[in-house]
Structure formats: structure tokens, C-alpha cells
Amino acid sequence: MERAPKPGRDVPPKKDKLQAKRKVEAFLGGKGSFVCLRFLAEETAPTTARASPGPPRNKKRNQELRPQRPKTAHILKKSRISKKPQVPKKLRKRKNPEPQRSLSGAQDPFPGPAPVPVEVVQKFCRIDKSKKLPHSKSKTRNRLEVAEAEEKETSVKAARSELLLAEEPGFLEGEDGEDTAKILQADIVEAVDIASAAKHFDLNLRQFGPYRLNYSRTGRHLAFGGRRGHVAALDWVTKRLMCEINVMETVRDIRFLHSEALLAVAQNRWLHIYDNQGIELHCIRRCDRVTRLEFLPFHFLLATASETGFLTYLDVSVGKIVAALNARAGRLDVMTWNPYNAVIHLGHSNGTVSLWSPAMKEPLAKILCHRGGVRAVAVDSTGTYMATSGLDHQLKIFDLRGTFQPLSARTLPQGAGHLAFSQRGLLVAGMGDVVNIWAGQGQTGPPSLEQPYLTHRLSGPVHGLQFCPFEDVLGVGHSGGITSMLVPGAAEPNFDGLESNPYRSRKQRQEWEVKALLEKVPAELICLDPRALAEVDVISLEQEKKERIERLGYDPEAKTPFQPKPKQKGRSSTASLVKRKRKVMDEDHRDKVRQSLEQQQHKQKKAKPSRARPSALDRFVH
Amino acid sequence: MSANRAAESLLALSQHEELVDLPEDYPLSASEDEGDSDGERKHQKLLETISSLGGKNRRKLAERSEASLKVSEFNVSSEGSGEKLVLADLLEPVKTSSSLATVKKQLNRVKSKKTVELPLNKEEVERARTPLEQEIFNLLHKNKQPVTDPLLTPVEKASLRAMSLEEAKMRRAELQRARALQSYYEARARREKKIKSKKYHRVMKKAKAKEALKEFEQLQKINPTAALEELEKIEKARMLERMSLKHQNSGKWAKSKAIMAKYDREARQAMQEQLAKNKELTQKLQVASESEEEEGGTEVEELLVPDAMHEAQMNADGPNPWMLRSCTSDAQEAEIQEDPEQLPEPLAHNVSESEGDERLVAEEEILLKEFEEKRSLRKRSELNQDAESVGSQETKDSISREVLFELRTLSQKLKENHQSRKQKASSVGTVPQVQREVPAPEEEEEALLLQRPERVQTLEELEELEKEGCLQNKELPRPVLEGHRLKKNPNNQTDSPKKKKKEQMIDLQNLLTTKSPSVKSLAVPTTIEELEGEAERDQKQMIKEAFAGDDVIRDFLKEKREAVEASKPQDVDLTLPGWGEWGGVGLRPSAKKRRRFLIKAPEGPPRKDKNLPNVIINEKRNIYAAAHQVRVLPYPFTHHRQFERTIQTPIGSTWNTQRAFQKLTTPKIVTKAGHIIKPIKAENVGYRSSSRSDLSVLQRNPKRLSAHHKKQLKKNSID
């Protein structure tokens, strides 16, 4: 029963660990300083970690996934380290006091189940215990206990399976305060293995103007469109060209749809959809003068922002326009999406960023970010941070978790025209013909804008930026063509083989497509806080309750007033009945008073937290 | 004429040093009808100059009320335009000629001579001229008393600054007490005024008369001259009474009473009383009873009890002997005593107030003066003692001064409130010129009072003070105008909420203009590389200019305000026009009615973006998403949070390991393939069983089964 294998479970065999870890030492010229440059080429071997956290499947509860992802690799290390000393008490207790003897008589040196570090388990716990529960009856309490036990069990299991995430993210480390930003691409290429080095390349396409580019969700395919009509798609790892056409029209943006087989191109007039052969499948006339495209993979929605100021959602699975929203803010040419809640962020010329969902005609939120117009917006993969750059030459990072306050800001000599976040939270900004990449201090924090992690100069002004998923590669489209840069530590090293498998075959892709379509999330579920969907609709609940009371004429859930039982032998006189009633009432009253007193005390305690006890000598002070 | 005046001013220049900038605030009568009454005019002017020397007329504004009728070539006047008439301009010929060189030289010499300027320098003030002054200065120097502006010795200042918490507390307590006292006084006055009993008032009147008599007698003993004045007053009252027909039983009321007098004893008595009163009043050298006007006066006094404090406050200037003198003398003297600094533009901070108000205040002052004087008399002696033992009581005095100052501001407000009422009382006669001038010294005094260094008690205050200082540096460069800032002080409390309101805006500003260190990055875009340093500044300037026009923040705030307004629940107005009152075109239902039929919408929960100035969060409900939410609580749960907790763990395979997923999704009952499932019987549910239960039904959760069940199952499986 437990083994029950699923058909899609098979993944290509693990590659041997050729590229896994490599410590490279290299001379860096210039000052004659010896620099040890360690570059751990990120490995792309697939793992069978299906059950482990992978990129989000944006189901109803896709938010559940959120806390897991950014941490994976980081936590992995911890778990390894903590294996020996950190044994959670509870688990230890479960062990048998005396080791079991096997048939051979050998003693198990590590009896019982393997210990799991508490922090990792904690990571997978999803029950929000911060909210206080009202007092519950025993039956309810039982249910709650069961739910908690289930949560614990599953989280322990998930924590254990982290072992399967074998890959670690790469990184770049300068020695003795060496600035990593000074390390050139050439140095990195020299230091890494051949396979990784091949990922750095330049496409010189000077003829057809600045390029926009887009990687497919698996990170295997790359599509790019030049402004002067050049559209191409290729498997960039093998450099196998899928199609190359010229649409003989201005190309404003290009985007893969759910798979690499379909390609949406925003052309001068309409929105066109091509397949991977370069055959035009659709021309969508309802989306005209589109400037930016964004695809929401779990909803199968193609969001288009147009010059006319409309944000249009096109359901590509059924070919219907779900919503066309007028942003009422003029031309729209800054757009991005939040992978956490699938909300579209639009940047406007009045310095605001507005957040949109197809279910609402008005923006969900509006944030005033800059004094001048907003030039670029990017949201990180966890949906926690938003980076914006404006005409006032500022680059700001906002917290999206409810407060929308800027966490850090920085003035750039020439404002950033393009921004992008990588899977692991690196931020890249394209300023003129230079790209700057900033990395965070820790794993979870926002990128610190003090020191750039890497910089690179291109042969032309930047026009499009995207980090490749599951590869430490940054694709830059510029007026001179396409550049694929190596950025160690940019991507998530472990991928979910069933979710987005870079090595999948055509059959697998088709299989996945069906499943993805079956799991399509309805467009109206997009809201700012997806967790809210797992909550009870309190308003209608109350409403229904009220209606019920009105219908019945009484409150069925109300506490019935105490009615003394009739007793015999003259003890049921009116006076004694009243007395008994009185008693109960008084008891209730006392309870109430006690409660209110407790509350008051609680409040007072809160008001002045733990003042030291007055000493006997205090009386002499005054 | 002009030559005449020029000569005069020259004279003034040479002789009276104090009159140097006389033309500035010289009260020139605007409408000059020249020629015929030249001599008279001259005389008038002389008088004016003399009086201005005394400092009385100084505040007359040199303004021109109507256009001069004649414009003669001789009549070159500098009035109206506000410019100074420079002698050199007059003397200079159209073309400069060398023949006037000598005169010019002389003039230059005169010019270069150092003249005394009116905010006198320290040394000039300190220079003692008369022996008396010298003596006084000596005394002051010996006692280390400040002679001029600061008013407080350094020691005093230090002590003021170094006020501890206890002291501050004490002071506050005192203030509170004083305020409470004031309110008591007010309440009492109001209460007493409301009393309708005639008898009570009669008794009161009598008591007052008695008291007045007593006081008069005392006054006779202490101050015969004052008593004489009082006597004169009484005499005058008697004259008035004799002249009038009051109390002669000839009025309407008296006549009506006369009819009744035959039968009504009371009426008769009233008439008798009237006559007696008349007699009393017309009798010579009898103490006059309080007349109606006096009553009004007392009323005013009652209302303005705290003003007694104002009087005492003058006394409280104790430590400074100069000030002490001013307190003992009357207001005019005080004015002369005033700091010379204040002289040039004493009205600067008065301008805002309307003149009518001033006059009213002045009249009150006069009325009140009498009462205050009595008190001051009493207090003076004490304070004199205080003044002698300055060193020890400095701090105490300062405290009391603070209290008094607070009280005074309070009373000032009160006065304004009651002004309208007093207008009637005080508009009996035209107020003489001198009395009108009274507010001026008062104001000055106030300014002085306010100039005293304030105590900085909290950090916030300190900051505020600093800010104020900055403001002053920018806006009020001249020390004369300090009154402005200080006037604000009583309003400090009202200012603070405004500030709070503005805080949001400020916050937003800060938000958008966060300055971050712009570290030079390694690779700078090629277009930028050349221009750095000042070029950067240029760029900033350019950006500023570019965004100068559109105020993004204001627009955003406006938008937010609109959004907030729109999201507020609307009140329901159920008023029907024309019901219960007149209806028709142009008639609106009364406010009372509207209030009655307005159903106020309940206050909604606070907005999520209440404290986020830069965010507008849409509060509308996403009904499409709500359709997917649970809206009925399942059975054992009584609160929605309990239920939510049970569904927070995801059960999908995306979030769980395979095993966990399978375990979570196993059905409660698993049926094995190929087995026949018989219908459930009573025995299966727990009743005594005789037959065998089916094996094909397995419980998912064997733990939960009772022991009995387990046994049964075992038995079944065995057979």
C-alpha cells in the first residue's frame, strides 16, 4: 500500500557527481595578490526528492510552501551537523531504554529512529499557534489534538526527507576582504568546470535591436525577441535552436506559456502566440498594443499590460479573457508578478506601484514608492520583498508582508531600468550597459544594497533581465544581443522532478501538462493573502447565524437559563426554588467578576512589565 | 515749513541724543492744514516731542489718514512714504558743485560722529549719570544683580535650568491648585449671580455697604489723601442723585405702588424705603451705598478673580529692584522704567489684535485696578522683605512666578470670553486718552515677562526649543519681535495635536526621501562615468526641477483620503421633509429632526493602512474568493478559529512526503477486494454478539477501538 508507485514518479537517472563540488584556486592578476577563488558550480543533477519542498505549486494552499523553499540548502547543512549532538528530547524518550538485540546478537549502536533536529521540523509546521483559541470542549479539544499530532508526524517526515536534497547552492567568496564584485566573468569561467563554463556565452545580434528574453519554467529553454522583429527560441543548454523567425513588426515582449511549446509575443499591434516551430497559432486582437507580458503558471493566465492602460488577463487554457482592468494610470509598461500570491504589480508614472487581482476591479493595494515615475519592479520568489527603481534614481526594497514599508534604499548614479530577483533572492539591476547583482547577508533576508556581489559590463544598454531557474545563470538581453552570465548561488540547486524537470522528455511534459491543467487554480482565488482562503468566512457565518435566529425566533446556541428541578417533601417551595436559582445566578456572577478581574490584572501586567520589587530602603529615598 | 522742520530735526539731532530716530515713530499728524496756525502747530509739536520723551505717545503710529489738501513746494514731507528725510538730500544741489565742499565736509563730520542708537548698547545703559543712579548701580553690582536685559542673574538662571523632577512636580501641583482655585472662584461667582432671591441681594448689598464703610474708615487712617478722594466721589454721587429724579417716588413703578399703598403694606414699605434711600443719598457727608455701576464692577471682579493674581504677578518680579519699583508705582511709571530696547517698536506684536479689543481690555484694567491695588497694598510689604532676602528665595520666587504666569495666560483667555458681556458695562462713557494707552505698557510688560528664560523640563521641550531657536534665526532676526514666539507659548498645547496630524505627512516625506549612502559602485555605466561629483549634484538639481511641478505625495494623500471616505459606512437619513413642520421649496428639515432620524452607521474596524501613510489597501471583500471559503462551522467546533486550526496542515502530495500523504488520505474504512461486505448488524455496533463480524471491514484506527471490540476482532480472525 505504501509503495504504490505513481506513473510520473520516474525521473532520469542521477548523473554522476562530476560537477558536484569543485574547489578551484585561481590567480587573479592585477595587484599580484593571491586569491583563492572557490566556486562551487551548482549541480543540476536531478533528485528524487519529490516529496521534499520544491518550487511552488500554486494550488489553493500554495502558501504553505513558502517557508520551506529558500531555506532548503541552508538547513540541510544544519541537519547534517546537528545529527550527532542535537537529539530532540521527545524523540529520545521514545527510544527503548535497553538496546534491542538482533538475531546475530549484534547490538544496534544507534537504536531507535534517527533523530531529527527540532528547527527543521519546526520549518514544516504550518499550524499558526500565535492566535489564541477560545476555551474548547473536550470533543473539540480532541480534534485539535489529532490535528496537531498529524502535523507533527508529517513535519517530522518531511524533515527527514530533507536528506534527499543533495545539492548545495554555489557561492563566490573573495579571500581576505577581496571584493567579489571585482571578479570578472572570465575569471569565473576559468575557475569552473567545462560544463558550467559553457553556460556563459554571448550572442551577438546587433542587427535587430535590444532584446527581451524569457526562460521557460524549467530553465531549459530560452526565448528572445528583438525589437526589430527577431524572435527565436532555443534549448540554451545544448544551444539547439527550436525556431527563429522575424515577425516583421516591433516586438515589445516575449514570454513562454506554461510549457516551452508555446510562446506569446507582444507585437506592435496585437498579441500573437507561436508554437516552438515558429508557427503562429493565435493572434489575439483583444489584447492590443501590449507592452509587457507576464504568465501566471498555476492559474494558466497570461497577464498583459497595454499602452492603453488596460491590464488584461487571458486564460490560455480555455482562451478566454478573464478580466480586463483599467488601471486609470496611463500607459503601463512596468509589470511583474508575485510568485507567492500571483498578484500582478504595476508601476506607474506617479511613483506608485499598484497590486492587482483579476477578481477585483480596483487595485488590491497601492504603494507610493518614488517621487518620480517607477521604472522597474521585481518581486522575490518568496513574495516577501519587492524591489523598485524610479526616475528619482533610487532603488528601494519594500517589505510585502502587510506593512509595505521600505527596508532599504539606495541612490544609484543612473537609476536602474530593469530589475529581477533570482530564486535564492539575489537582486540584479540593469543600469545602462552595466548589471549589478546584490546578494543578501543571510539566506532569508533581503539583498543588502551596500556592496554589489557581482558586476558586469555589456556591449549595449540592458533591455531585459532574467535569472535562469535552477541554473546559476543570468540572462541579459541588450542592444548587442544576449549575454548569459554566471552568477554563483543564484538558483535553487534542488528541483522538483515532477513539478519542473529540466530533463523531462516530451512524454513527461505532456503528462505534466495534463496534471497541471487538472490542478489549475481558478483566477478568482488570487488575493493578497492566500492564507485567507483557508479561513472561515466569518462575515457570512455571522450573517447566517443571525438569519437563523430570526427564522427560528430564538437563539438555538444560547445557553439555557437554569431551571431548578422540582423536589419532593416540601423542598420545592417557591422560596427554595428562588433560593436555588439565586445560588446559580450568584455563582455565574462571581465567575464573571473573577474573569473581569483577571483581565484587568492581565492588562496591568502588560502595562508595566515586571517592575522590580521595591526594597525596604526605598522609603528613605523620598 | 520744511526748512523749519529740518532745522528742528537738526536741533534734535544735536541736542537730544535720544531723539535720533525720531522721524521714524514721530507722531506726525497726517492732516495738516498749514499756514494760518503755524505757531500753534509748533507749540503742539513741541508738546508732542516732550510727551514722547516721556514715552507716552511713542506708540502713535505715524500714518496718514487722509490725503493732504495742499501740495506746496515748501511742503516736502517724508511722511506716508515711510522714508527718512535725509538732510544731505535736501542740501545737495542738483549738480554737485565744489563750492559746497566745506558744508559737505561739515556734514560728513556730523554724520561720522557716533550717535546713540535706540536699542542702547549695554555699556550705555549701564552708564550711570545721576548720583542716584550711580548709587543704585553700585548696589546692583555689589549684589551681583543684572542691570539690564537678562533680568536674571546667572545663578538664578542656573537654578532655573537645574530644576529637578520634584520641583517640577511641585510646580505642577501648584499650578493645578491655582487652576482649581480659579475654577472654584468662577463657579462661585456664577452661582451667586444666579441667585434670584431679592432678600439675599439686599442683605448682600447691605453687607457690602458696611464693608465699604469700614474700609473707608481704615483708609482714612492709613491714607488720608485717598480717603479724601473717596469722599469726593461720594460727594459727586450725592450731586448726581440730587440732580436725578431717582428714588423720588415719581417713576412709573412708584406711581403704581402708590395706588396700592393704601391697602398693601409691602408696597407702602417699598415706597418708604425708596424715600429713605433718597434721603440717605442726598444727605451730606454720608457714606454712599454701592450704586448699580459699582455692582457691575464687583461682578466683573468676580468674574476675573484670577486677575488678582495678575496684580500679584507684578509683585512677583520681586528679585529685581527695578521691577519692584515699577510695581509700586502705577502703570505709567512702569512704562518709563521699561527696557529701552522695547521702545522703538512696541506695537510690533500688537498689530494682529484689533484695536477695539485693546480698548476693552484697557477699560477692564481700569476697573480692576482699584481692586487690585488693595491687594497689592497688602502684599507689597511682604514682597519688599522678599526682595531683601533675594539670594535665598530666588528659586521660590521663580516658581511662584511661573505659577502666576500660567494663571495669567489663563485669565487672559477668560477675559476674551467675557469681553462681549463686558462691552455693555464698560461702554458707559468715553474713555480718556490716557486710559486708552494703558494696554500698551501692559503688553510690553507681558513681553518682558515672557522673555524670561523658560525652563526646559523634558527632552521634547528641549528639542522644541531648539527648533524654535532655528525658526527664530530664520524668521525673526530682530530681538524686538521675540514677543511673537513667546506669544505662541500659551498655545503650545493646542499646537501639539496639529503637529500630530501633520506627522503623517512628514513621515511620508521622510519615507520617500530616505537618504542612503550612495557608495560608488565598481562599474558605472559608461554614460555616467565622465560626470561625477558636481555633475551629480547637477543631476539631482535637474531631477528636482523635473518633479517640482507634480506633487506626488499630495496627490497620493488626497487619493488615500478619498478612498478612506469612500470606504466608510454611510449613515442612513430617514427624515421626511414636511412632516411635523413646514415644508416647501427652499425649506430644509430642522437639524433637530435630522438628528433624530439619522441612523448612524456603526464604526467599522480600523483600516489596515491606518498607520501606513504610503499605502492604500483596498478593504473591499473579494466575493469570488469568499465563495470558496467555508461558511458553516462543522459540528464539534464552536469557534471558527478552532476549525481553522484543524485545516491548516495541508494534506496534498505537493506538501507532504509520499508516506505522509498516503497516511493522511487513507479512508476511514478500507475494503479489501474480493470480499463480500455484509450489512451492519446490531452486534457489530457493540451489542452482545452471537454471530461473527465480517473480516472485510477493517478499522483504520485500531487504537480507538475499545478493548471489547479488539477482543471480538481477534476472536473473529481466529475463527
Side-chain angles (χ1 to χ4, degrees), chain A residues 2 51 57 59 61 64-65 126-128 131 133-134 136 139-140 143-144 147 150-151 154 157-158 161 181-182 350-352 359-360 362-368 371-372 392 403-404 406 409-411 413-414 431-434 436 450 452 455 457 524-525 527 533-538 540-541, chain B residues 508 511-512 514 516 518-519 521-528 536 543 546-547 550 552-553 555-556 559 612 614-618 620-622 624-626 628-633 636-650 652-662 664:
Chain A
E2 277 181 340
R57 238 190 221 190
K59 284 189 183 180
R61 289 192 218 136
E64 314 287 27
L65 208 58
R126 271 96 172 207
I127 290 181
D128 179 17
K131 279 178 192 167
L133 283 185
S136 37
K139 209 164 228 175
T140 323
R143 286 282 197 97
L144 289 171
E150 266 175 4
E151 183 209 26
T154 52
K157 272 182 182 158
S161 70
K182 280 184 186 158
N350 60 354
T352 58
M360 299 279 266
E362 294 93 44
L364 302 172
K366 262 191 176 185
I367 312 156
L368 181 60
R371 277 181 178 280
D392 55 357
T403 61
F404 302 105
R410 182 178 167 170
T411 316
Q414 186 185 14
M431 306 168 289
D433 60 347
V434 162
N436 266 12
E450 244 102 82
T455 54
R457 187 184 297 283
E524 67 256 24
L525 290 186
C527 52
L533 291 170
E535 282 166 10
V536 176
D537 186 6
V538 182
S540 18
L541 187 76
Chain B
L508 193 50
L511 236 150
L512 285 180
T514 36
S516 53
S518 87
V519 187
S521 64
L522 276 174
V524 185
T526 36
T527 50
I528 281 292
E536 201 173 305
I543 290 167
F547 299 129
D550 40 28
V552 171
I553 296 169
D555 290 349
F556 188 82
E559 203 182 331
L612 309 171
N614 66 329
V615 187
I616 306 171
I617 296 176
N618 198 342
K620 270 187 192 157
R621 210 161 149 242
N622 183 356
Y624 300 108
H628 292 263
Q629 278 175 298
V630 178
R631 55 174 63 195
V632 181
L633 274 186
F637 303 105
T638 50
H639 196 268
H640 63 90
R641 246 183 249 145
Q642 294 167 343
F643 177 60
E644 276 161 20
R645 208 172 252 202
T646 57
I647 58 168
Q648 264 165 355
T649 340
S653 62
T654 318
W655 302 279
N656 289 304
T657 55
Q658 191 60 30
R659 280 186 161 203
F661 168 67
Q662 278 165 350
L664 285 172

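Heavy-atom basis, side chains included; hydrogens, waters and symmetry copies ignored. All chains are named by letter (A, B, ...) in the order of the sequence lines, taking the proteins before the strands, and each is independently numbered beginning at 1.
Here the side chains of A/Met360 and B/Asn618 are in contact, with some heavy-atom distance below 4.5 Å. Using a 4.5 Å heavy-atom threshold, the side chains of A/Leu368 and B/Ile553 count as touching. At least one side-chain heavy atom of B/Arg631 sits under 4.5 Å from a side-chain heavy atom of A/Asp537. Residues B/His628 and A/Glu524 meet the side-chain proximity criterion, which asks for heavy atoms closer than 4.5 Å. Considering only heavy atoms from C-beta on, A/Lys366 stays 4.5 Å or farther from B/Val615 through its side chain. Residues B/Ile617 and A/Leu364 fail the side-chain proximity criterion, which asks for heavy atoms closer than 4.5 Å. Side-chain contact check for B/Asn614 versus A/Ile367: some heavy-atom pair is nearer than 4.5 Å.
Taking a cutoff of 4.0 Å between a charged side-chain nitrogen and a carboxylate oxygen, A/Asp128 and B/Arg641 do not qualify as a salt bridge.
For the pair A/Asn350 (side chain) and B/Val552 (backbone), a donor-acceptor distance under 3.5 Å is absent. Looking at B/Gln642, its side chain never comes within 3.5 Å of a backbone N or O of A/Thr140 through a donor-acceptor pair.
Contact between B/Ala660 and A/Thr154 at its shortest, heavy atoms only, is CB-CG2, 3.7 Å. When every heavy atom of B/Asn622 is checked against every heavy atom of A/Ala359, the shortest pair comes out as OD1-CB, 3.3 Å.
In terms of non-hydrogen atom pairs under 4.5 Å with chain A, the most contact-rich of B/Val632, B/Ile616, B/Val630 is B/Ile616.
To the nearest 0.5 Å, atom NZ of residue A/Lys131 and atom CD of residue B/Gln648 are 7.0 Å apart. Summarising the geometry, atom CD1 belonging to B/Ile647 is positioned 14.5 Å from atom CZ belonging to A/Arg126; distances are rounded to the nearest 0.5 Å. For the atom pair A/Leu144 CG and B/Thr646 OG1, the distance stands at 6.5 Å (nearest 0.5 Å). Between B/Glu644 atom CD and A/Glu535 atom CD the span is 4.5 Å, to the nearest 0.5 Å. With rounding to the nearest 0.5 angstrom, the NZ atom of A/Lys157 is 9.5 Å from the CG atom of B/Asn656.
Of the atoms belonging to A/Pro363, it is backbone heavy atoms, and not side-chain ones, that fall under 4.5 Å from chain B. Of the atoms belonging to B/Phe643, it is side-chain heavy atoms, and not backbone ones, that fall under 4.5 Å from chain A. Of the atoms belonging to A/Ser136, heavy atoms from both backbone and side chain fall under 4.5 Å from chain B.
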For this session: Go through the steps for A/Leu133 and B/His639 under the test side-chain contact (heavy atoms from CB on, under 4.5 Å), then give the verdict.
Result: CA-CA 8 Å; A/Leu133 283 185; B/His639 196 268; 5.7 Å; no
For this session: I would like to know whether B/Arg659 and A/Ser161 meet side-chain contact (heavy atoms from CB on, under 4.5 Å); could you show each step before the answer?
Result: CA-CA 11 Å; B/Arg659 280 186 161 203; A/Ser161 70; over 6 Å; no
